Amino acid sequence: MLYREAGQFKASYEEDQQIFPIRQDRVGMAVLLAFFFLAVPMFASQYWLQAILIPVLIFSLAAIGLNILTGYAGQLSLGSAAFMAVGAFGAYNFMLRIDGMPFLLGIVLGGLSAALVGVAFGLPSLRIKGFYLAVATLAAQFFIVWALVKFPWFSNYSSSGVISAQEIQILGYAFTTPESKYLLTLAVVTVFALVAKNLVRSTTGRRWMAVRDMDVAAEVIGIRPMRAKLSAFAVSSFYCGVAGALYAYTYLGTVEPEGFNLDLSFKILFMIIIGGVGSILGSFLGAAFIVLLPILLNVVMHSTLGSAMPPGLGSNLELIIFGGLIIFFLIVEPHGLARLWQLGKDKLRLWPFPH
Amino acid sequence: MKLKQTALIGATIAGLLATGYASAQEQFIGLASYRVGPFGSNGASLYGGWIDYMAMVNARDGGVNGVKLTWEECETEYNNARGVECYERLKNKGPTGNSVFQPLSTGITYSVLDRVAQDKIPLVTIGYGRTDAADGSVFPWVFPMITTYWSQASAIVNYIGSKEGGMDKLKGKKIGLLFHDSAYGKESHAILDKLAEKHGFEVQKIAVANPGNEQQAQWLQIRQAKPDYVILWGWGVMNATALRTAARTGYSRDKIIGVWWSGSEEDTIPAGDAAKGYVAAGFNVAGANYPVIKDIQTNVYAKNAGNLEDKNRIGSVLYNRGVVHGIITVEAIRKAQEKYGKGKPMTGEQMRWGFENLDLDSKRLAALGATGFMPDLKISCADHEGGGKVKFQQWDGAQWKVVSDWVESDRPLVRGMIEESAAAYAKEKGITPRDCSKEM
């Protein structure tokens, strides 16, 4: 009833090709953006901004990065956290060593350094596939973290190997409050999510998907697999790198190389599996699920059963429930939360008179 | 008999009245703990000791000057992002907000380093964390108390010197350093290089990649080089493996000296007989034979209110370390109350003053029932470390035996390095160090 597209005619190619061809979607998106850009910073508490929303946004960006590589180009990677580390340390060094480096340029340069490293570690993808490639990217994960600890130049000779992010300044305005950091993160993530959405609908994205579905066939119809795979590695690592830079600058402030460990890479992989492989929306849903659910469980556990049982048991129970829910969702909907949303939309189209 | 009973009833009533009155006054302590994850069992012992100590203070004294201690745990899983979430979740709880944040993870310490100054909550890191934060003029909100990694390395060298019969005997000696290949393990390098230069010994650094459950190659290297001592700068499973491999390659265990993250029952018991004779540093000792632990047993465990599921862990190194955390927290509250009003909950800012003016001398430690249990400690505006003393314990196959008195570090040398590093940080971040001569 509310979600019907009857009467919405597309009279030009532009209208037919837009991201949200249905008017309700466009309105919904505008409302959503207005909510996150205007209402949230006004009403959300510091806790929500700093501990919940900023990390969810940053991990969404990293998940988009991995989704481009794994979901669209079909190359499995276990090095996302390492590429985040390259972005963080890259941005830090650009801002440290070049006087007056603008913040946004700094994080883009951090992302570009991650892209370069990503292309280098993507080279094996030309010869090996699937799980073997995952193992090759695992090498990236360990090598990069090792290199960042090994060579003190990266952390500006800090004795403990950590970096403290410089203050964020754009056009003389210092981003110190949680609200401003949140808005900055949100703006960057929105822009890059939009770019990603358009990228995967473009020639580049279609090349990636062709290679994913069958690389021999793609080659036959004139797609160069090397270019497609390496560009996917570059774009994916760039996104992870920008996410890493934001992680250091708007979220934690001080980061250590060990923070970007294999655990984090797995987490990002779970985000896209739960959210939906090959979906930009899924990246957001997956990131929200993986970041928020353990926190929610912890809060619920503390407020209900917390005092009644031994604390160690409570913590273990949370993990068990978390794991159980992941399995549940994968059984109910193997294509991820994004697919659930898709199904919901299809039902909504006919509601309330399914015929 | 009768008199005793009357007195007892009277005391109980007084106690009830006191608690009834005091229930309005509460001091909240947020515990960012971990009971699952790679170091879950360490966390369970340590936070158990800390919580038990606070429960004991509540049960025995009715809190600190009538202010009840309350706490809430938040599971971090030893994960930085979860730690930040816990920090944010806990910071505004209780009547005056969180009094102190002690995450027991160097990674989480770094992640909240910038936040604590903004939120005015003291960050206390006992035996871990950022070493140069011991310079309180640059890091007013961070307290790497009792001893830092650098002090520890220096104390270990001093201990070796005393075993050899004088620091001048170290000349020409060879000391192996088997370290966890991470930022944590690398903390030892700069200080040991300096000490080697000063005393004329040679350091041989041998890296062990995380997690370190395979060390054949490293110990082969040690066997070829034949160092006089090996410092074990390990973490988790790496420690037990090191001891087992040392036994297999025939390196004498009493020449291996561990740091405090290598010196708990969790490290020696899995190594079995191979651990016998192994020496480790610690800023607290093992054993339940101290009045403070006895108090916990009579006031908490006798009433079935203890936090530990496995009571055998009472008196273990990590449990006792948790008690040290508890003592320092409670004593800082007491100190802050002396200045800002007894019987009132303290804010984070007032707690910071309490930590900064903490003075646990031998008299105070005796009153707490912790003589010999932990070193005396005096914090000041400039010196947020306060002491830097460690004791050495030897594993006899069943338990830790103390084999040294409190060993001091080379204070002038360590302090010089701390100030140099803190000054570099201040310059990078544009911080003007506060003038400690003007602080009260």
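On a predicted model such as this, the values are computed, not experimentally measured, just so you know. Below, each value reflects all heavy atoms present in this structure, side chains not excepted, and no hydrogens, waters or symmetry copies. Below, read A as the first sequence line, B as the second, and so on, with proteins coming before strands; counting in each chain starts at 1.
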Of the backbone (N, CA, C, O) and the side chain (C-beta and beyond), which part of [X] lies under 4.5 Å from a heavy atom of chain B, both, or neither?
| X | result |
| --- | --- |
| A:I295 | both |
| A:W48 | neither |
| A:Q50 | both |
| A:A248 | neither |
| A:V291 | neither |
| A:V162 | side chain |
| A:P257 | neither |
| A:Y157 | neither |
| A:N156 | side chain |

Could you tell me if [Y] and [X] have a donor-acceptor pair between their side chains, going purely by distance under 3.5 Å?
| X | Y | answer |
| --- | --- | --- |
| A:T250 | A:T185 | yes |
| B:D52 | B:Y319 | yes |
| B:E266 | B:S41 | no |
| A:Q166 | A:Y92 | no |

Counting only heavy atoms closer than 4.5 Å, note whether [X] contacts chain A via side chain, backbone, both or neither.
| X | result |
| --- | --- |
| B:N79 | side chain |
| B:C86 | neither |
| B:E75 | both |
| B:Y149 | neither |

Output yes when [X] and [Y] qualify as a salt bridge under the 4.0 Å nitrogen-oxygen rule, no when they do not.
| X | Y | result |
| --- | --- | --- |
| A:E318 | B:R35 | no |
| B:E385 | B:R415 | no |
| B:D114 | B:K429 | yes |

field: Aromatic contact, B:F139 with B:Y425 (centres under 6.0 Å)
entry: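 Yes: the rings meet the under 6.0 Å criterion.
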- request: Taking the six-membered ring for Trp and the single ring otherwise, decide whether the centroids of B:Y78 and B:F39 are under 6.0 Å apart.
  value: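 Centroid separation for B:Y78 and B:F39: below 6.0 Å.
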message: Atom NZ of residue position B:K205 - does it have more than 12 heavy atoms of other residues, nucleotides or ligands inside 6.0 Å?
response: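 Yes - once you tally the heavy atoms of other residues, nucleotides and ligands closer than 6.0 Å, there are more than 12.
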Count the heavy-atom pairs under 4.5 Å between each of [options] and chain A, then report the option with the highest count.
| options | answer |
| --- | --- |
| B:A424, B:A81, B:A207 | B:A81 |
| B:V36, B:N92, B:I51 | B:V36 |
| B:H189, B:E187, B:R82 | B:R82 |
| B:E72, B:R115, B:R130 | B:R115 |
| B:E309, B:E73, B:R89 | B:R89 |
| B:G43, B:A44, B:C74, B:A190 | B:C74 |

- prompt: Name the one of B:I29, B:T125, B:L123 that satisfies side chain to side chain contact (heavy atoms under 4.5 Å, CB included) with B:F101?
  reply: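 Only one option passes, and that is B:L123.
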message: Can you tell me how far apart CH2 (B:W233) and CD (B:Q152) are? Round to the nearest 0.5 Å.
response: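 With rounding to 0.5 Å, CH2 (B:W233) is 5.0 Å from CD (B:Q152).
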message: Can you tell me how far apart CG (A:N261) and CD (A:E256) are? Round to the nearest 0.5 Å.
response: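 Rounded to the nearest 0.5 Å, the CG-CD separation comes to 9.0 Å.
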- request: Determine the option with the most heavy-atom pairs under 4.5 angstrom with chain B, choosing from A:V255, A:V299, A:L96.
  value: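 With the most close heavy-atom pairs to chain B, the winner is A:V299.
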query: Counting heavy-atom pairs under 4.5 Å to chain B, which of A:V149, A:I52, A:N298, A:T176 comes out on top?
result: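 Top count of heavy-atom pairs under 4.5 Å with chain B: A:N298.
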